[in-house]
Q: 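One structure, as structure tokens, below. Some questions next.
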2 protein chains.
Amino acid sequence: MRSPVELVDAFRTQGLKVTPQRQLLFRLLHDNTQHPTADALFAQASAQMPGISLRTVYQTLSDLTAMGELQQVSFDTGPAHFDPNVADHHHAVCDVCGAIIDVYVDGADQLAIDGLDGFRPASASIVFHGSCAACAGT
Amino acid sequence: MRSPVELVDAFRTQGLKVTPQRQLLFRLLHDNTQHPTADALFAQASAQMPGISLRTVYQTLSDLTAMGELQQVSFDTGPAHFDPNVADHHHAVCDVCGAIIDVYVDGADQLAIDGLDGFRPASASIVFHGSCAACAGT
DNA sequence: TGTCAGTTCGCAACCGATGCGAATAAGGTG
DNA sequence: CACCTTATTCGCATCGGTTGCGAACTGACA
Ligand SMILES: [Mn+2]
Ligand SMILES: [Mn+2]
Ligand SMILES: [Zn+2]
Ligand SMILES: [Zn+2]
């Protein structure tokens, strides 16, 4: 995701308005590696801007996703997580604390595959489960 | 998942009862490679047993999952899919028709990984997106 | 056949997310 | 600066998928 100041320009040139709510979310998301949910962002936003609506958070998140500034990732059946890292990468989920960590996998595209007769893969997503450094102890 | 006759025994020895509803679902799931949703199974079941409840389908699916006879898999944000194949395998999802195909990936456990400092992976799941043989044309 | 724990099934509730629309505010224009 | 137009905010209703609850029912064993 681009920086807040760049996003201000990007929004204006698209005929979109730059509101305080949006600017706050730009700031909360920029360089954020936590993969927050809409609810988590709403909680953080509410602390700085009481009265902001969860609806507005959802709205802005889907605007940013549509503009390619965010990636939406989902695990299992829980709520969606939002990822300002739109580079090609994968994730490791800590089953203890729920942390989500960016992972870069070499050779993900040339995985030796068996069983897909004629299936043409366009993309692959890999999710590791396990325990993160903090939860694993050591 | 074991065969319907084996499941009858397994259920009885666990103090669980063998009802017509459960037996129907045993049959619908055995050797099923379609990865059906609860709703899809409910539709099939209703055709053979009008009046069966969606609630009962959910109930039986979660019983079977708890017994290790089924695996629950979810993609994106849609409904859960149920998989009688409990072997270690992965999936390919056709973005055109929605088909879900079993995939066996060699060397999935020794993927060259970068970025996870201290994360201890216990399992990995890989999901390919693309188009299936039928939808790809060729 | 009787007993009783396990099961079915309808309904309410739940969660995450989206549709709708009135009130509001951004931001360009005169 | 005042005004106008259009986008946005935000509360509320609604949605799809799933689970909780509990009264009525039924399988299984004695
Ligand atoms: Mn990420
Ligand atoms: Mn499968
Ligand atoms: Zn952890
Ligand atoms: Zn297809």
Q: Let me know the distance between CG of A:L24 and P of C:dA26, rounded to the nearest Å.
A: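 Going from CG in A:L24 over to P in C:dA26 covers 15 Å.
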Q: In whole angstrom, what separates A:Q23's CD from C:dA25's C1'?
A: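 Nearest whole value for this atom pair: 13 Å.
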Q: Aromatic ring centroids of B:H35 and B:H91 under 6.0 Å?
A: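 Centroid separation for B:H35 and B:H91: below 6.0 Å.
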Q: Counting neighbours of CD on A:Q44 that are heavy atoms of other residues, nucleotides or ligands and sit closer than 6.0 Å, is the number greater than 12?
A: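 Above 12, so yes.
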Q: Could you tell me how far apart A:F75 (CZ) and C:dG16 (P) are, to the nearest whole angstrom?
A: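 Answer to the nearest Å: 16 Å.
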Q: How about A:N85 and A:T33: do any of their side-chain heavy atoms sit closer than 4.5 Å?
A: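 No, too far: nothing below the 4.5 Å cut-off.
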Q: Could you tell me whether the phosphate oxygens of C:dA25, OP1 or OP2, come under 4.0 Å of any side-chain nitrogen or oxygen in A:Q21?
A: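 Checking A:Q21 against C:dA25: no side-chain N or O falls below 4.0 Å of OP1 or OP2.
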Q: Would a 4.5 Å heavy-atom cut-off, applied to side chains only, mark B:V57 and B:F82 as touching?
A: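 Not touching, per the 4.5 Å side-chain cut-off.
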Q: Specify the residues of residues 32-69 of chain B, ordered by number, for which at least one heavy atom lies under 4.0 angstrom from an atom of DNA chain C.
A: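 Heavy-atom cutoff 4.0 Å gives B:G51, B:I52, B:S53, B:R55, B:T56.
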Q: Just checking A:Q34: does its CD atom have more than 12 heavy atoms from other residues, nucleotides or ligands closer to it than 6.0 angstrom?
A: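 Atom CD in A:Q34 is not packed in, count stays at 12 or less.
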Q: Which letters describe nucleotides 22-30 of chain D, given B = protein heavy atom under 4.0 Å from base, S = only from sugar-phosphate, - = neither?
A: ----BBS--
Q: Within less than 4.0 Å of OP1 or OP2 of D:dA7, is there a side-chain N or O belonging to A:Q14?
A: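 For D:dA7, neither OP1 nor OP2 has a side-chain N or O of A:Q14 closer than 4.0 Å.
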Q: Just checking B:G15: base, sugar-phosphate only, or nothing, at a heavy-atom cut-off of under 4.0 Å?
A: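 Sugar-phosphate contact only.
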Q: Nearest whole angstrom, please: distance from the C1' of C:dG16 to the CG of A:D76.
A: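 In whole Å, C:dG16 C1' and A:D76 CG are 15 Å from each other.
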Q: Spell out, as yes or no, whether a donor-acceptor pair under 3.5 Å connects the side chain of A:D76 to the backbone of A:G78.
A: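 Checked: no pair found.
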Q: Taking atom P of C:dG6 as reference, at what distance in whole Å does atom CZ of B:F11 sit?
A: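 Value for this atom pair: 14 Å.
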Q: Within the 4.5 Å heavy-atom criterion, are B:D117 and A:I101 side-chain neighbours or not?
A: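 No. Closest side-chain heavy atoms not under 4.5 Å.
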Q: Kindly say whether B:A10 contributes a backbone atom to a donor-acceptor pair with the side chain of B:T13 at under 3.5 angstrom?
A: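 Indeed, once roles are kept as given, a pair shorter than 3.5 Å links the two residues.
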Q: Is any side-chain heavy atom of A:T60 closer than 4.5 Å to a side-chain heavy atom of A:T19?
A: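 Result no, sub-4.5 Å side-chain heavy-atom pair not found.
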